[in-house]
Protein chains: 2
Amino acid sequence: MVSRTTRIGIIGSGAIGGFYGLMLARAGFDVHFLLRSEYAVVQKDGLSIDSALHGALHMKVQAYASAGDMPPCDWLLVGAKATSNAELAPLLVQAAAPGARVVLLQNGLGVEEQLRPALRDDMHLLGGLCFICVNRQAPGVIRHQALGAINLGYHSGPDGVDAGVIAAEGAGLFRAAGVDSQPMDDVGQARWQKLVWNVPYNGLSVLLQASTKALMSDPGSRELVRALMHEVVIGAQACGQVLPQGYVEHLLRVTDQMPEYWPSMYHDHVHRRPLELQAIYAEPLARARQAGCHLPRIESLYQALTFIDRRNRAD
Amino acid sequence: MVSRTTRIGIIGSGAIGGFYGLMLARAGFDVHFLLRSEYAVVQKDGLSIDSALHGALHMKVQAYASAGDMPPCDWLLVGAKATSNAELAPLLVQAAAPGARVVLLQNGLGVEEQLRPALRDDMHLLGGLCFICVNRQAPGVIRHQALGAINLGYHSGPDGVDAGVIAAEGAGLFRAAGVDSQPMDDVGQARWQKLVWNVPYNGLSVLLQASTKALMSDPGSRELVRALMHEVVIGAQACGQVLPQGYVEHLLRVTDQMPEYWPSMYHDHVHRRPLELQAIYAEPLARARQAGCHLPRIESLYQALTFIDRRNRAD
């Protein structure tokens, strides 16, 4: 049962964590935000969202600079980059109430497997896949351009629990906050499905310094997007995940209808943060290869991105 | 027989045309340079080469702004970009003595086939493949960093000629000028072979804004270079051209030993000139495809480059 007394912790309150956390806080949940560089600003001024769907939102929030200061949370939403999961694990353990549900709002493969050994046995781990166009504009200021759904799938936790019930409970929490959300049977399948979007657009936004609109308008890059998407589908199949029929064409249509969007990897590159190449490229490539499947276009894109990422952070 | 009275026309006197033309002029050949934007400077000051192998060369040269002013030439060396071959053909016909030999010093596939119908039947057409690190520094000023060989293969001409004799005659001309040069039996095979270098380095220098040294130093881009080279070899094989055993590893070693080099496509991009994508990418991809062979890495690189090229010239 979802009740407004459910206590929610947001770990990593960038665009994704900030957006969903503020939506939940607005709906009356008891939400606690763990911040790093933005702590002072958010503690003083709160969080704002300029949303194309929900209008302008602004709220003072319960902000923390240290996980040790947070009260024990029933749900922990992880909005931090997958690249920081190793440092994150102890904070999650600190902030987790007994039997807490941790939801990784991250892209790519292998993120739950990476984090799981560092969590307590009583903690539940779920994957959350966000279909949303959202960016951080300034400390504590978020721009929400389009979409917003978040789907939850259970990954692991104590024996004897009903995974479906916990995923449905999480989805209910978001729906109570006005956010479209569905429980998913198979988080592994959902993660491959999400990659069909992330693999082309995240990487090409960095490689070609181009928004989704620019990538979709040019016939060369559009064909490259489509070919990369098809390779993800082939990789998923090789790993035993059958994606919905016509999913590539569906995503091309969805992206055509999106406003001009700069994926998160583009922003990471601009701000010289490490790119999420492990979860979005290296892990899918490794799993496909282990299944005897080569994905030459994705591999080429990955190789080019490793070059760009290394140079960007060495300069 | 090569004699110093051989009259040579250089059509398009950028880095390649200027270098070989000046080497031939220095050796005492009667060399005539057709120029466009650089005419006034070169007419006044001559041509200079700052060569890592030959030292500093500087000579006044016979410069022309119009092909109609040139005397009829026995050999015509075409150093202009393959992208301008359509405009070039009438100038070649104008400057050609009866039975003239035209040598296309260009990269890629299909350049002779494209030009041939626009030449006179008495004119011989050869392909010239240049293994040289050379750049234009300023109008009439050329920097020669390394290598220098030029190999010639006969393409087409009047019936009843000995193709091998004409290619050998051309090679003798260059050798008389102190330039390493060999006649080649099969210009088609040689063009595929040259692509093994051009496909990775030209495209990646634009895509990643990187010199050969940077591309070779990073493990990601180095693997990408190698994988692209292997795809060229596969494409060549599909088109019936068997390249020498171990050629990819040979070229990687050669490039490791080169000074830091920025391929010509990089300079074209910086100066917002059209990239030679047709000859270096589109034509090899089309021929391989016709032979039932897909080259996904090269195709992805080509698609990305068409995006970059269009944006670069639209801005």
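What's counted below: heavy atoms across the whole structure, side chains too, no hydrogens, waters or symmetry copies.
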Separation between OG (A/Ser221) and CG (B/Leu305), nearest 0.5 Å, reads 12.0 Å
To the nearest 0.5 Å, what is the distance between CD (B/Gln209) and CD (A/Gln209)?
10.0 Å
Side chain, backbone, both or neither: which part of B/Arg222 has a heavy atom under 4.5 Å from chain A?
neither
Is any side-chain heavy atom of B/Arg310 closer than 4.5 Å to one of A/Pro219?
yes
For a quick test of reading the model, state the closest non-hydrogen atom pair linking B/Ala210 to A/Phe307 and the distance between them.
CB-CZ, 3.5 Å
Can you tell which of A/Leu208, A/Thr306, A/Leu228 has the highest number of heavy-atom pairs within less than 4.5 Å of chain B?
A/Leu208
Chain A heavy atoms under 4.5 Å from B/Leu224: which part of the residue, side chain, backbone, both or neither?
both
Select one option (side chain, backbone, both, neither) describing which atoms of B/Arg297 are under 4.5 Å from chain A's heavy atoms.
both
Residues from residues 248-265 of chain B approaching chain A under 4.5 Å (heavy atoms):
none
Output for pair (A/Glu223 CD, B/Tyr302 OH), nearest 0.5 Å, gives 11.5 Å
Quick check on B/Arg313: does its CZ atom have over 12 non-hydrogen neighbours (other residues, nucleotides or ligands) under 6.0 Å away?
yes
Quick one: ring pair (Phe, Tyr, Trp, His ring centres under 6.0 Å) partners of B/His269, sequence neighbours excluded?
none
